[in-house]
Amino acid sequence: MENNNPIPMLDLQAQYAQIKPEVDAALMRVVASQHFINGPDVEALEHEIARYCQVKHCIGVSSGSDALLVALMALNIGPGDEVITTPYTFFATAGAIARLGARPEFVDIDPATFNIDSRAIADKVTPRTRAIMPVHLFGQCADMAPILEIARKHHLAVVEDAAQAIGAEYKGHRAGSMGTFGCYSFFPSKNLGGFGDGGAVVTNDATLANQVRLLRGHGSSPKYYHKLLGGNFRLDTIHAAVLRVKLPLLDSWSALRQEAAAHYTNLFAERGLGAWMQTPPVLQSRHIFNQYVVRVDGRDGLREHLKKHKISSEVYYPLPMHLQECFSGLGHKQGEFPESEQAALTTLALPMFPELTAGQRQRVVDSVAGFVEARSSLGRRLAA
Ligand SMILES: Cc1ncc(COP(=O)(O)O)c(C=O)c1O
């Protein structure tokens with residue numbers, strides 16, 4: 001029966017069905033308490049996330065975007081400063097830097113992992129550089145050892161954008177635990193997703209943790225006495241309560257994603273599609289597969305073909321940051337970051353979620369193979 005049903009990118013209803021009694025009870029507990037802001041679940045979640053992410057301090061915030069912003073605010077980053085990051089990311093990374101009046105200084109990506117090319121960072125360090133902001137894209141850590149070494153040498157902060165990578169590891173270290181700050185998103189599509197927007201900042205530095213805590217609540221301490229110019233970056237109690245139900249299940253869900261990813265990769269190899277497409281290499285010790293992203297020629301045609309077969313897919317991301325209209329003032333040109341531009345033209349994310357069945361994966365692979373076969377027979381006919 002499965003054969004004609006649509007295959008979504010992710011299926012949050014299937015996840016909710018597994019944990020409905022616990023989630024509903026947690027929600028009703030918050031409703032009964034009417035303690036919606038800074039309730040006990042927020043503090044409890046912060047301790048649980050800190051333990052899970054192997055860090056000393058965690059501060060729940062309103063989104064992954066705000067986590068990045070408030071981390072940079074705590075570092076006093078502003079006009080005249082430069083922050084090195086990747087152009088091939090979700091907008092929030094570069095957006096947080098630019099919103100504070102600093103300049104995002106882009107370094108192109110490693111085409112194998114789509115993460116910042118750590119070997120190219122040193123050349124971009126100037127006297128104005130204040131921080132490096134690697135992104136652990138799709139759930140796999142950036143190559144952190146050289147990044148941490150450059151940061152140490154030049155006294156730079158490292159802000160890990162781990163929005164897509166909670167629980168991922170680099171040489172046994174959890175994503176977000178290696179830099180000055182780690183930033184997570186609890187957007188519903190993340191491996192640990194809430195019932196709305198949410199995020200967290202983690203750090204091992206007690207002074208910086210206090211700074212973020214202050215900034216999260218308009219910089220006030222005590223109430224109505226404002227030490228710093230902060231904002232309202234709070235995490236709602238309702239989201240914290242839901243996330244506390246989900247966190248103990250996160251590892252099992254990420255393991256199912258890993259299994260699904262390995263299965264996809266094997267099926268593609270068995271169909272002999274290895275030469276035609278790049279399946280995601282697992283180069284770091286724990287890739288949590290927030291997305292399963294392949295690289296193909298003729299990506300847009302494949303997307304149309306999958307759509308006809310009721311298979312969802314997504315392009316992360318169609319336009320790199322240096323070519324975004326709002327960053328035109330940075331003065332970049334087409335061709336400046338060729339690997340990011342190539343990735344934007346060729347990458348395709350396929351359905352990936354813990355409940356994705358083996359039959360669904362087989363259907364996705366069959367459909368991709370059907371597209372390739374149709375294309376090569378067309379090629380043969382045109383050549384004849
Ligand atoms: C790499 C990256 N950084 C930052 C964010 C921002 O997180 P949020 O949507 O929670 O604001 C996201 C979310 O999509 C992301 O993927």
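Whatever order the structure lists them in is the order used to number ligands and atoms, beginning at 1. Computed from a predicted model, the values in this text were never measured in an experiment.
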Trainee: Is it the case that the side chain of Lys310 and the backbone of Asn4 share a donor-acceptor pair, with hydrogens and angles ignored and the cut-off at 3.5 Å?
Mentor: yes

Trainee: Do any N/O atoms on Ser65 end up under 3.5 angstrom from N/O atoms on ligand 1?
Mentor: yes

Trainee: Judging by distance only, is a nitrogen or oxygen of Asp66 under 3.5 angstrom from one on ligand 1?
Mentor: no

Trainee: Is Asp197 close enough to touch ligand 1? Criterion: a residue heavy atom under 4.0 Å from a ligand atom.
Mentor: no

Trainee: Short list, please: which atoms of ligand 1 are under 4.0 Å from a heavy atom of Val135?
Mentor: 1 (C)

Trainee: Decide whether an N or O pair under 3.5 Å exists between Lys190 and ligand 1.
Mentor: yes

Trainee: Which residue holds the protein heavy atom closest to atom 12 (C) of ligand 1, what is that atom called, and what is the gap in Å?
Mentor: Phe90 CD2, 3.5 Å

Trainee: Is the backbone of Pro351 close enough, under 3.5 Å, to the side chain of Tyr264 for a donor and an acceptor to pair up by distance?
Mentor: yes

Trainee: Could you check whether Arg216 pairs with Asp66 (Lys NZ or Arg NE/NH1/NH2 to Asp/Glu carboxylate O, under 4.0 Å)?
Mentor: no

Trainee: Is Ala163 in polar range of ligand 1, meaning some N or O pair under 3.5 Å apart?
Mentor: no

Trainee: Examine the side chains of Tyr184 and Asn191 and answer whether a donor and an acceptor come within less than 3.5 Å of each other.
Mentor: no

Trainee: Do Thr129 and Glu105 have a side chain donor and acceptor closer than 3.5 Å?
Mentor: no

Trainee: If you have a sec, work out which protein heavy atom is nearest atom 1 (C) of ligand 1 and how many Å separate them, to one decimal?
Mentor: Asp161 OD2, 3.5 Å

Trainee: Can you name the atoms of ligand 1, numbered from 1 with element, that are less than 4.0 Å from a heavy atom of Ser185?
Mentor: 7 (O), 8 (P), 10 (O)

Trainee: Give the atoms of ligand 1, by number and element, whose distance to some non-hydrogen atom of Gln164 is under 4.0 Å.
Mentor: 1 (C), 15 (C), 16 (O)

Trainee: Consider only side-chain heavy atoms of I, L, V, M, F, W and Y, link residues closer than 4.5 Å, and tell whether Leu348 and Tyr292 are in one cluster.
Mentor: yes

Trainee: Just by distance, do the side chain of Glu160 and the backbone of Met178 share a donor-acceptor pair under 3.5 Å?
Mentor: yes

Trainee: Could you list the atoms of ligand 1 found under 4.0 angstrom from a heavy atom of Gly64?
Mentor: 6 (C), 7 (O), 8 (P), 10 (O), 11 (O)

Trainee: Side chain, backbone, both or neither: which part of Thr89 has a heavy atom under 4.0 Å from ligand 1?
Mentor: side chain

Trainee: Can you list the steps and then say if Phe337 with His332 is a ring-ring contact (aromatic ring centres under 6.0 Å, His included)?
Mentor: CA-CA 9 Å; Phe337 301 101; His332 292 297; 5.5 Å; yes

